[in-house]
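Everything on this sheet refers to the single structure shown next.
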Amino acid sequence: MADSRGRKLIIAIDGPAGAGKSTIASRLARKLGYKNLESGAMYRALALKAIEWDVSFEDEAALVNLADQSRIRLEPSLGGNRVLLDERDVSSRVRERDVTEAASRVSVHPRVREWMVARQREMGIGGGVVMEGRDIGTKVFPDADLKIFLDADPVVREQRRLEQQRIKGPSAESIAAELRERDQRDRTRANSPLLPAPDAVILDSTNLSEDKVLETVEELARKKLGSKSAAK
Ligand code: DC
């Protein structure tokens, strides 16, 4: 969907794991006819390559070198992004536990982030994208037309994650602990910590249904489309 002059929006959705970003971003993108890009999947793809090539998650220079030799592509599709690493479909593999943990570790390095941000900007050129992540509104697209910071109570986020992955029993507690640890790392890293942009709309989805969150975000996007054409 474009404004009366054919311009399409850049929409940034940031927030912690389990707040519902991916679902909202993909449903919103579908409604607007935009591309939905999961920036976290790119960190995951690099993390997977580091695992496979036995590169230390602490070695920033080696990770950047590895990234330079890699082709990481996201293909929007209905059930989320297809993730291609050197043309290999790694969409399911990058969601596994070891890669999830590794992605959080490789993403602390400033030069790894610079590499990612440059590519994410290229993908958003021209607008018509809903990009989700941790630093989209603060770093990747500080001039995004609409910035949403989607949060939720940590206990609720943990429950949603476990339900999504259908995990019960003893492994549930360790997965919840990993999520808390990852959260802490994402929020406290020195470079681009997870923080709402000053001009982000903060939405707490703890007591809101997915449909209600989507409705709110869609309304904000449609308002922006109206005001974009009115302002220019
Ligand atoms: O959104 P996700 O769970 O797929 O992200 C995986 C990791 O990547 C997450 O722990 C933090 C990092 N990440 C980031 O630092 N910046 C982003 N824009 C997206 C993800």
Side-chain angles (χ1 to χ4, degrees), residues 10-26 29 36-51 57 60 63-64 67 72-76 79-85 90-124 129-142 144 147-152 154 157-158 160-162 164-165 175-197 200 205:
I10 293 181
I11 301 177
I13 303 189
D14 289 300
K21 298 185 302 288
S22 302
T23 322
I24 295 300
S26 103
N36 157 36
L37 297 168
E38 293 173 31
S39 65
M42 297 177 67
Y43 290 92
R44 287 172 181 269
L46 178 62
L48 172 60
K49 189 143 173 178
I51 292 173
F57 308 145
E60 180 171 25
L63 289 167
V64 174
I72 298 175
R73 287 198 299 128
L74 300 181
E75 278 183 0
N81 284 180
R82 245 181 107 215
V83 189
L84 298 165
L85 173 62
V90 292
S91 313
S92 316
R93 176 69 182 99
V94 294
R95 304 285 161 206
E96 287 175 21
R97 219 165 146 181
D98 57 336
V99 180
T100 300
E101 166 70 13
S104 172
R105 290 183 180 276
V106 305
S107 69
V108 302
H109 300 296
R111 288 178 52 218
V112 169
R113 304 199 65 82
E114 269 169 36
W115 192 96
M116 294 288 171
V117 167
R119 270 135 204 100
Q120 288 156 3
R121 285 189 180 142
E122 282 166 17
M123 293 195 265
V129 293
V130 182
M131 194 176 285
E132 54 123 326
R134 306 288 189 288
D135 62 343
I136 310 305
T138 51
K139 278 277 153 55
V140 181
F141 295 118
K147 299 179 186 178
I148 305 290
F149 191 88
L150 192 57
D151 210 343
R157 291 193 287 108
E158 282 164 24
R160 286 182 189 158
R161 244 322 119 86
L162 296 175
Q164 254 172 15
Q165 299 173 358
I175 295 229
E178 277 172 21
L179 185 116
R180 284 194 290 270
E181 196 185 306
R182 197 151 70 88
D183 244 26
Q184 176 72 2
R185 195 181 302 121
D186 294 347
R187 286 183 199 268
T188 57
R189 65 181 173 222
N191 197 265
S192 306
L194 171 64
L195 271 179
S205 72

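For this chain, numbers begin at 1 and follow the sequence in order. Whatever order the structure lists ligands and atoms in, that order sets their numbers, starting from 1. All of these numbers come straight from a predicted model, not from anything done at the bench.
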Fill in: For atom 5 (O) of ligand 1, the option (of A47, G40, P193) bearing the nearest heavy atom
G40
Discussion item. Within the structure, is a non-hydrogen atom of M42 found at a distance of less than 4.0 Å from ligand 1?
Written reply: no
Item to complete: Would you mind telling me if ligand 1 is within reach of the side chain of R182, the backbone, both or neither, using heavy atoms under 4.0 Å?
Response: side chain
Worksheet item: Among pairs that include at least one residue of residues 106-122, which meet salt bridge (Lys or Arg N to Asp or Glu O under 4.0 Å), considering only residues two or more places apart or in two chains?
Response: R113-D135
Worksheet, complete the sentence: Quick look: R44 vs ligand 1, heavy-atom contacts under 4.0 Å, and the answer is side chain
Discussion item. Under 3.5 Å, is there a donor on one side chain and an acceptor on the other for R95 and T100?
Written reply: no
Worksheet item: Quick one: nearest non-hydrogen protein atom to atom 16 (N) of ligand 1, plus distance?
Response: R113 NH2, 3.1 Å
Worksheet item: Side-chain contact, heavy-atom cut-off 4.5 Å: I148 with D14?
Response: no
Discussion item. Please evaluate residues E178 and R180 with respect to the criterion salt bridge (charged side-chain N to carboxylate O under 4.0 Å, His left out), reporting the C-alpha separation (whole Å), side-chain torsions for both, the decisive distance (0.1 Å), and the verdict.
Written reply: CA-CA 5 Å; E178 277 172 21; R180 284 194 290 270; over 6 Å; no
Response to the item:
If you scan protein heavy atoms around atom 17 (C) of ligand 1, the nearest is R134 N, 3.4 Å
Fill in: Protein heavy-atom partner closest to atom 7 (C) of ligand 1 - residue, atom, separation in Å
A103 CB, 3.9 Å
Worksheet item: Would one find an N or O of E132, backbone or side chain, under 3.5 Å from an N or O of ligand 1?
Response: no
Discussion item. Show me which atoms of ligand 1 lie under 4.0 Å from any heavy atom of G133.
Written reply: 18 (N), 19 (C)
Discussion item. Using a 4.0 Å cut-off to any heavy atom of S39, which atoms of ligand 1 qualify?
Written reply: 17 (C), 18 (N), 19 (C)
Worksheet item: Taking the side chain from R161 and the backbone from A176, do they hold a donor-acceptor pair closer than 3.5 Å?
Response: no
Discussion item. Below a 4.0 angstrom heavy-atom separation, can you tell me which part of A17, side chain or backbone, both or neither, approaches ligand 1?
Written reply: neither
Practice prompt. Can you sort out which atoms of ligand 1 are near D135, meaning under 4.0 Å from one of its heavy atoms?
Written response: 16 (N), 17 (C), 18 (N)
Item to complete: State the atoms of ligand 1, each with its element, that fall below the 4.0 Å cut-off from a heavy-atom position in S107.
Response: 11 (C), 12 (C), 15 (O)
Discussion item. Can you confirm whether P193 sits close enough to R187 that some side-chain heavy atom of one is under 4.5 Å from a side-chain heavy atom of the other?
Written reply: no
Practice prompt. From the options L194, D186, T100, select the one whose nearest heavy atom is closest to atom 11 (C) of ligand 1.
Written response: D186
Fill in: Donor-acceptor side-chain pairing of S205 and R160 below 3.5 angstrom
yes
Worksheet item: Does ligand 1 have any atom that is closer than 4.0 Å to a heavy atom of Q120?
Response: no
Practice prompt. Establish, from distance only, whether the side-chain atoms of E132 and S22 form a donor-acceptor pair under 3.5 Å.
Written response: yes
Worksheet item: Taking atom types as modelled and ignoring hydrogens, do the side chains of S91 and R82 form a donor-acceptor contact shorter than 3.5 angstrom?
Response: no
Discussion item. Counting non-hydrogen protein atoms only, what is the nearest one to atom 8 (O) of ligand 1? Give residue, atom name and distance.
Written reply: Y43 CB, 3.7 Å
Worksheet, complete the sentence: In this structure, CD1 of I13 is separated from CZ of R134 (nearest 0.5 Å) by 13.0 Å
